[in-house]
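Order of appearance sets the numbers: ligands from 1, and atoms from 1 within every ligand. Every value quoted in this text rests on a predicted model; they were computed, and no experiment measured them.
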Amino acid sequence: MATVEVRDLRKRYQDFLALDGVSLKAESGQLVTLLGPSGCGKSTTLRCLAGFLEANGGEITVDGESILGTPANRRGFGVVFQNYALFPHMTVAENIGYGLKIQKLPKPEITTRVHDAMKLVRLDGLGDRLPRAISGGQQQRVALARALVLKPKLLLLDEPLANLDARLRDEVRWLIRDLQQQSGITAFYVTHDQSEAMAMSDMVAVMKAGRVAQFATPREIYQKPVERYVADFTGEANFIPCQSVTPHGEGRYTISAAGVTLELAGVPGITGPAELLLRPEALSLTTPEAGTFRGTVTKSAFLGAALHCEITLNDGSVLKLAAEPNHHVVAGKEVGIAIDHTHAWLMPEVTP
Ligand SMILES: Nc1ncnc2c1ncn2[C@@H]1O[C@H](COP(=O)(O)OP(=O)(O)OP(=O)(O)O)[C@@H](O)[C@H]1O
């Protein structure tokens with residue numbers, strides 16, 4: 001178990017600044033996800049942690065000790081990549097035991113540990129197969145077992161599910177989280193998949209152009225994003241611009257938006273222009289008289305479990321929501337929208 005801290009990490013590729021001061025922390029036993037779009041610096045951060053890349057500035061500590069001068073093979077970390085990189089000519093068991101063989105452990109101990117690791121990732125009985133004779137999901141589990149068998153201090157996973165189909169992704173995702181929690185191992189996990197990040201993590205770092213836009217729990221990231229970029233990247237989001245914002249201190253505000261005055265919570269310390277974030281589940285359809293907002297249905301689509309609607313308000317804002325599937329909602333209908341204030345959140349309007 002290890003506490004890992006990354007402070008103001010910088011990495012330059014020639015004249016391109018890929019990491020511009022990344023800071024985050026994993027407490028012992030936590031799984032921390034680096035989430036963000038392609039090119040934002042997730043893999044670069046992970047490679048600096050692994051020791052495959054040398055940082056140009058900043059610090060990485062494990063249990064308070066700097067590791068920047070320690071070469072990758074002496075850090076004692078387990079690494080799992082999206083391309084499993086198994087040795088094609090070795091059996092599953094040989095692949096898993098390879099690192100132990102390099103460490104020159106006695107054969108009986110290798111056999112026992114490989115056996116235990118295979119059981120852990122549910123690969124029993126497949127030890128004699130070659131990688132080409134097992135499925136993609138099984139290959140990824142071999143890669144996972146190969147990392148875990150070394151009892152690493154820290155587990156680093158770079159999009160480990162990217163090459164799997166949706167069903168396998170789900171299965172391996174839960175397996176990784178189960179194993180990580182059971183073993184209490186600290187882990188960093190790179191993904192651009194928001195639902196993966198939300199489901200698996202203790203903490204999420206949402207990355208934006210070489211920096212961490214927000215570092216918080218999945219719940220906080222989703223319900224209390226610090227800016228629109230984070231809100232957009234972590235799920236469906238509706239935004240309404242505010243005409244006036246009066247702060248009351250401690251992150252409470254009175255606002256006026258789309259002709260309605262509301263009192264609600266938001267990012268502390270907003271002084272300039274702001275916009276209201278309403279997640280779809282904060283909204284429900286009602287009569288025009290009963291709603292907080294009034295609008296006209298501009299789109300509706302029956303998607304089985306829900307009726308997806310777009311409502312255009314009188315200020316031109318468009319709200320998307322999922323209504324009860326048996327609701328009779330057709331384009332052109334006047335409706336009211338009730339909002340659950342606990343799911344409404346005010347954010348500063350940041351120019352993209
Ligand atoms: N060896 C390199 N030389 C030059 N630029 C690089 C190199 N490796 C990465 N970059 C650039 O650094 C930025 C960050 O790359 P990185 O691989 O960390 O992003 P990422 O968030 O992991 O993206 P992805 O999800 O596509 O893997 C990108 O703009 C990328 O083009």
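- Glu263 and His341 share no donor-acceptor pair across their side chains, judged by distance under 3.5 Å alone.
- From the protein, the heavy atom lying nearest to atom 25 (O) of ligand 1 is Lys42 NZ, 2.9 Å.
- The nearest protein heavy atom to atom 2 (C) of ligand 1 is closer than 4.0 Å.
- Residue Gly41 has at least one nitrogen or oxygen atom sitting less than 3.5 Å from a nitrogen or oxygen atom of ligand 1, judged on distance alone.
- Between Glu236 atom CD and His308 atom NE2 the span is 7.5 Å, to the nearest 0.5 Å.
- In this structure, the protein non-hydrogen atom closest to atom 8 (N) of ligand 1 is Tyr13 CZ, 3.3 Å.
- Taking a distance limit of 4.0 Å, we find that atom 22 (O) of ligand 1 is approached by some protein heavy atom.
- Under a 4.0 Å heavy-atom criterion, Glu159 is in contact with ligand 1.
- Summarising the local packing, CZ of Arg252 is surrounded by more than 12 heavy atoms from other residues, nucleotides or ligands at distances under 6.0 Å.
- For the pair Arg146 and Tyr98, the cation-pi criterion (under 6.0 Å, within 45° of the ring axis) is not fulfilled.
- Distance check, rounded to the nearest 0.5 Å: CZ of Arg173 to CG of Leu161 gives 7.5 Å.
- Donor-acceptor pairing under 3.5 Å is recorded for the side chains of Glu196 and Tyr189.
- Considering only non-hydrogen protein atoms, atom 30 (C) of ligand 1 sits nearest to Phe16 CE2, 4.6 Å.
- Distances between N or O atoms of Cys40 and those of ligand 1 include at least one value under 3.5 Å.
- Counting only heavy atoms of the protein, atom 18 (O) of ligand 1 lies nearest to Thr44 OG1, 2.5 Å.
- Of all the atoms in ligand 1, the ones that sit under 4.0 Å from a non-hydrogen atom of Ser38 are 23 (O), 24 (P), 25 (O), 26 (O).
- Ligand 1 places these atoms under 4.0 Å from at least one heavy atom of Ser43: 17 (O), 18 (O), 20 (P), 22 (O), 27 (O).
- Looking at Phe215 and Val32, their side chains come closer than 4.5 Å, going by heavy atoms from C-beta outward.
- Per-residue contacts place Pro37 under 4.0 angstrom from the following atoms of ligand 1 (heavy atoms of the residue considered): 21 (O).
- With 3.5 Å as the limit, one finds no donor-acceptor pair spanning the side chains of Arg141 and Gln138.
- Using a 4.0 Å cutoff on heavy atoms, Gly210 does not count as a contact of ligand 1.
- Residues Asp193 and Thr191 bring no donor and acceptor atom of their side chains to less than 3.5 Å of each other.
- At the shortest separation from atom 14 (C) of ligand 1 among protein heavy atoms lies Gly39 O, 3.4 Å.
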